[in-house]
Each structure stands twice: as structure tokens, then as C-alpha cells.
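Accompanying notes for the structure given below.
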Amino acid sequence: MEKRRRSMPAVLAVALLAAMLPSSEAAAYGSGGALTKDYYSKSCPKLESFVREEVTRKKNETVVTIPAVLRLFFHDCFVNGCDASVLIASPKEDAEKNTPDDDSLAGDGYDTVNRVKTRVEKECPGVVSCSDILALAARDVVDLADGPYWTVELGRRDALVSKASDVEGKLPGPDMKVRELTAIFKNGGLSQRDMVVLSGAHTVGFAHCTRFTARLYNFNGTGKTDPSFSKDYAEALKKACPRDVSDTIAVNMDPITPITFDNNYYTNLLHGFGLFTSDQVLYTDGASRETVKEFSANQTSFFEAFKESMIKLGRVGVKTGDSGEIRRDCTAFNP
């Protein structure tokens with residue numbers, strides 16, 4: 001376990017088929033106080049500009065920055081709350097990021113947060129938490145990918161502990177069904193609709209072939225392809241991801257508009273283009289099908305819902321006041 005006591009001060013992306021505001025105004029309560037949209041208005045008034053500049057610079061170097069930061073935020077919030085515990089680099093390799101579930105997180109996400117932190121520490125030393133930086137960066141990568149923009153509530157503190165043992169069973173998995181996914185989100189106070197909304201983040205990014213090849217070659221142990229796949233899509237995936245595929249090979253989550261944050265993810269599901277089981281079941285299961293159809297037909301509806309759900313996610317398990325700290329280095333607890 002990686003812990004700080006409070007008493008101590010080469011992925012190959014394969015293009016296929018070429019051809020998250022009324023709730024934002026409310027205060028959000030964590031374990032020690034309230035989040036507010038103007039938390040740093042006096043202590044670091046240019047914070048959001050600093051974050052935006054660094055995130056934009058990183059995104060211009062590689063578009064992987066977009067899904068990498070967004071996924072990093074999700075993984076952080078789902079395990080004991082939005083507290084930057086996923087960022088800790090433990091010398092003993094026993095922190096959250098050392099688990100199999102987090103091992104696939106792209107390094108560009110971590111690098112983005114660390115770059116922003118370095119800039120912010122120069123301008124406003126010892127003031128801004130890593131968890132707030134990650135929340136702002138997640139908003140900015142969505143906006144930079146032509147997605148929605150929302151006001152991020154701020155005032156989080158960074159976790160004092162990061163344990164690998166805390167991760168298991170808390171993150172959505174690629175083979176989960178709607179009931180399992182709903183239960184995972186419910187643990188964070190999020191609804192089934194929030195689950196469908198936030199799954200829409202799969203409109204950007206990539207996935208390693210090894211995460212879904214069972215659907216292609218041995219669905220439910222049958223030795224066949226998952227029949228919910230579009231036949232053409234399955235054949236394209238098999239070419240990109242043969243049976244003996246390397247664990248470094250990845251494909252785009254959205255084969256149509258892979259680097260644009262839009263509602264195409266939901267339209268893909270209508271046509272059997274969901275990459276993971278956890279994607280396609282959102283349409284095949286009647287409990288969530290109507291929401292998928294709603295967002296497929298109306299991008300504005302999806303964008304508004306995504307903003308609200310991201311604000312709700314950002315309130316999950318936050319640490320404020322004495323329940324956390326302001327790290328000087330996002331990868332390590334303060335000495």
C-alpha cells in the first residue's frame with residue numbers, strides 16, 4: 001500500500017471503416033466542505049487559462065491526450081472518489097495505478113496532468129490540487145474535441161492514500177452487462193442514465209484488441225463471433241486483430257469519427273458497431289435502449305446530459321479540508 005500519514009507534513013491505432021445547467025450552479029459537498037466554481041478566484045485567478053494552455057499544447061502533440069485524460073479522470077473518481085489517488089507512483093508498485101485495471105491507462109494522461117501541475121506550481125505554488133487540475137483537464141479535452149463545455153466545481157484536496165487493493169470491483173469492465181454497469185455507477189451515487197451518458201465518452205479513444213477478442217473468436221465459449229456485432233464490422237476487426245494479436249495493438253473505439261467528441265457512439269450501437277460488450281449491451285438491453293436512441297437522434301440532448309453527469313461524477317467522494325492535501329508533485333504525497 002502506498003500511503004502518507006496526515007501527521008507527516010507503442011500503441012498502433014488502426015483506423016477502421018474509414019469511410020459529460022442548473023446542477024452546475026449548486027454547491028457540491030465532499031467529506032469536509034463544499035466545492036464551488038470560483039474556489040481559486042483570489043488564490044489563482046488565471047488557473048483555468050494555465051490549464052487550457054498546457055492541455056492544448058499536449059493535445060497538439062498527440063490526440064491520444066483527449067481519451068487519455070478523460071479515462072484517467074473516470075478511473076480516479078470511480079475508486080474512492082475524485083482525489084488524484086490514481087496519479088501516485090509508488091516505489092513498491094502497490095498504488096492504484098499498478099493494478100491490471102489501471103495498467104492500460106495511457107501515459108499521455110499522466111503526462112498532461114504533470115505538465116499542468118508544473119506550470120501551476122510556478123504561478124500559484126502550493127495552492128491548486130492535482131484532483132482539481134485533473135477535473136479541469138478532463139473538461140478541456142472534451143471541449144477541444146468539439147464536445148460540450150461546462151463549469152467545473154473546484155476545491156478538492158488530494159488523497160492521502162493510494163492502494164492497489166482498493167481498485168478491484170470498482171471500475172466498469174468491457175464484458176459487463178447493463179445490470180453490472182448500473183451497480184458500479186450506483187456505488188458512486190450515479191444513475192443508470194448517468195451510466196449510459198458517460199459511456200458516450202467512448203466516442204473518442206482506442207482499445208487494445210486483447211480487451212475484446214473473445215467477442216470476435218469465442219463468444220461465451222462458443223467458438224463463434226458475438227451475433228450482436230455487425231458482420232462487416234466484425235470482419236474488419238478480425239483483420240486488425242487476428243487471433244494471435246499482440247497486446248500492443250489497438251483500434252479506435254468509434255470507427256467513424258474517432259477523434260471527435262460527438263453522438264456517433266450511440267448511432268454506432270444501433271448498427272452493431274459497439275466495440276465492447278459493455279458498449280453494445282446498452283442498445284440490446286431494453287433497460288437502456290431508449291436512452292441510446294435518444295442520444296443517437298439528438299446530439300444536443302447528449303451534450304447537455306454529459307455536462308450534468310460529469311459534474312455529478314466530479315462530486316463523487318471528494319476530499320476537502322483536513323481530509324486531504326495539496327500535493328506539490330502529483331505523483332507523490334507531500335513529505
Side-chain angles (χ1 to χ4, degrees), residues 10-18 62-76 78-79 86 93 95-111 164-165 167-178 180-181 184 195 198-256 258-259 265 268-269 272-284:
V11 172
L12 172 64
V14 182
L16 298 175
L17 309 182
T62 171
V63 294
V64 173
T65 301
I66 295 167
V69 170
L70 195 52
R71 190 163 177 242
L72 188 63
F73 180 66
F74 286 175
H75 278 232
D76 184 45
F78 274 104
V79 181
V86 74
E93 298 189 347
E96 288 180 23
K97 70 180 296 183
N98 300 116
T99 62
D101 283 325
D102 285 340
D103 188 54
S104 62
L105 292 172
D108 291 295
Y110 294 103
D111 185 52
S165 59
V167 177
E168 187 175 359
K170 293 182 179 177
L171 292 168
D175 299 319
M176 287 185 176
K177 304 296 178 62
V178 168
E180 297 169 288
L181 293 166
I184 291 284
M195 179 272 290
L198 294 175
S199 294
H202 282 176
T203 189
V204 291
F206 58 87
H208 292 89
C209 293
T210 51
R211 300 277 282 177
F212 60 85
T213 46
R215 286 191 72 203
L216 289 174
Y217 300 109
N218 193 27
F219 179 63
N220 288 345
T222 63
K224 299 180 180 180
T225 302
D226 183 344
S228 67
F229 260 133
S230 153
K231 290 184 178 181
D232 289 342
Y233 186 41
E235 289 306 311
L237 287 172
K238 287 177 180 179
K239 291 178 181 178
C241 304
R243 290 178 183 271
D244 58 349
V245 66
S246 164
D247 59 8
T248 63
I249 305 302
V251 298
N252 293 315
M253 295 292 299
D254 177 350
I256 310 301
I259 61 173
Y265 167 80
N268 288 343
L269 300 185
F273 284 16
L275 191 60
F276 293 159
T277 293
S278 58
D279 294 316
Q280 195 58 48
V281 294
L282 300 183
Y283 182 69
T284 59

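Reckoned from all heavy atoms, side chains included, excluding hydrogens, waters and symmetry mates.
Aromatic ring orientation, Phe212 versus Phe276: tilted (interplanar angle from 30° to 60°).
Every side chain to side chain contact (heavy atoms under 4.5 Å, CB included) that Pro227 has, sequence neighbours left out, goes to Phe219. By the salt bridge (charged side-chain N to carboxylate O under 4.0 Å, His left out) test, Lys238 is found to be paired with Glu235, residues two or more places apart in sequence or in another chain being considered.
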- Message: Pair Val178, Met195 - check side-chain contact (heavy atoms from CB on, under 4.5 Å), show working.
- Response: CA-CA 9 Å; Val178 168; Met195 179 272 290; 4.2 Å; yes

- Residue pair Thr222, Asn220: steps toward the side-chain hydrogen bond (donor to acceptor under 3.5 Å, both in side chains) verdict: CA-CA 6 Å; Thr222 63; Asn220 288 345; over 6 Å; no

- Task: For side-chain contact (heavy atoms from CB on, under 4.5 Å), just list the numbers for Phe73 and Val86, CA-CA rounded to whole Å, side-chain angles, deciding distance to a tenth of an Å, and then say yes or no.
- Result: CA-CA 9 Å; Phe73 180 66; Val86 74; over 6 Å; no

- With side-chain contact (heavy atoms from CB on, under 4.5 Å) as the test, would you mind laying out the steps for Cys241 and Val251 before giving the verdict? CA-CA 8 Å; Cys241 304; Val251 298; 3.8 Å; yes

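Inter-residue side-chain proximity for Leu181 and Ser278 is flagged as met; some heavy-atom pair is nearer than 4.5 Å. Using a 4.5 Å heavy-atom cutoff, the side chains of Lys97 and Tyr110 are in contact. By the 4.5 Å heavy-atom criterion applied to side chains, Asp279 and His202 are counted as neighbours. At a threshold of 4.5 Å between non-hydrogen side-chain atoms, the residues Lys231 and Thr225 do not count as touching. Thr277 places a side-chain heavy atom less than 4.5 Å from the side chain of Lys177.
Distance check, rounded to the nearest 0.5 Å: CG of Leu275 to SG of Cys209 gives 8.5 Å. Rounding to the nearest 0.5 Å places OG1 of Thr65 at 11.5 Å from CD1 of Ile259. Here the CG atom belonging to Leu237 is positioned 9.0 Å from the OG atom belonging to Ser230, to the nearest 0.5 angstrom. We find the CG-CD distance between Asp101 and Glu168 to be 8.0 Å, quoted to the nearest 0.5 Å. One finds the CG atom of Asn218 at 11.5 Å from the NZ atom of Lys224 (value rounded to the nearest 0.5 Å). Here the NZ atom belonging to Lys170 is positioned 12.5 Å from the CZ atom belonging to Phe78, to the nearest 0.5 angstrom.
Here the shortest heavy-atom pairing between Ala201 and Leu70 reads CB-CD2, 3.6 Å. Residues Met176 and Leu171 share a closest heavy-atom pair of CE-O, 3.6 Å. Between Pro258 and Asn252, the shortest heavy-atom contact is CB-CG, 3.5 Å. In terms of heavy-atom proximity, Thr284 sits nearest to Val281 at OG1-CA, 3.1 Å. Contact record, Ser199 with Leu282: CB-CD1, 3.7 Å, taken as the closest heavy-atom pair. Minimum heavy-atom separation, Gly109 to Ala68: N-CB, 3.4 Å.
Of the N and O atoms on the side chains of Asp247 and His208, not one donor lies less than 3.5 Å from an acceptor on the other residue. Using modelled atom types and a 3.5 Å distance limit, the side chains of Ser104 and Arg71 yield a donor-acceptor pair. A donor and an acceptor atom, one from each side chain of Tyr233 and Asn268, are nowhere located under 3.5 Å apart.
The backbone N or O of Ser228 sits less than 3.5 Å from a side-chain atom of Asp226, completing a donor-acceptor pair. Remark: side-chain polar atoms of Asp232 are not paired, donor with acceptor, to backbone N or O of Ala236 under 3.5 angstrom. Under a 3.5 Å cut-off, the side chain of Asn98 and the backbone N or O of Ala95 do form a donor-acceptor pair. Under the 3.5 Å distance criterion, the side-chain polar atoms of Gln280 are matched with a main-chain donor or acceptor of Leu269.
Annotation: cation-pi geometry satisfied between Arg215 and Phe229 (NZ/CZ under 6.0 angstrom from ring centroid, within 45° of ring axis).
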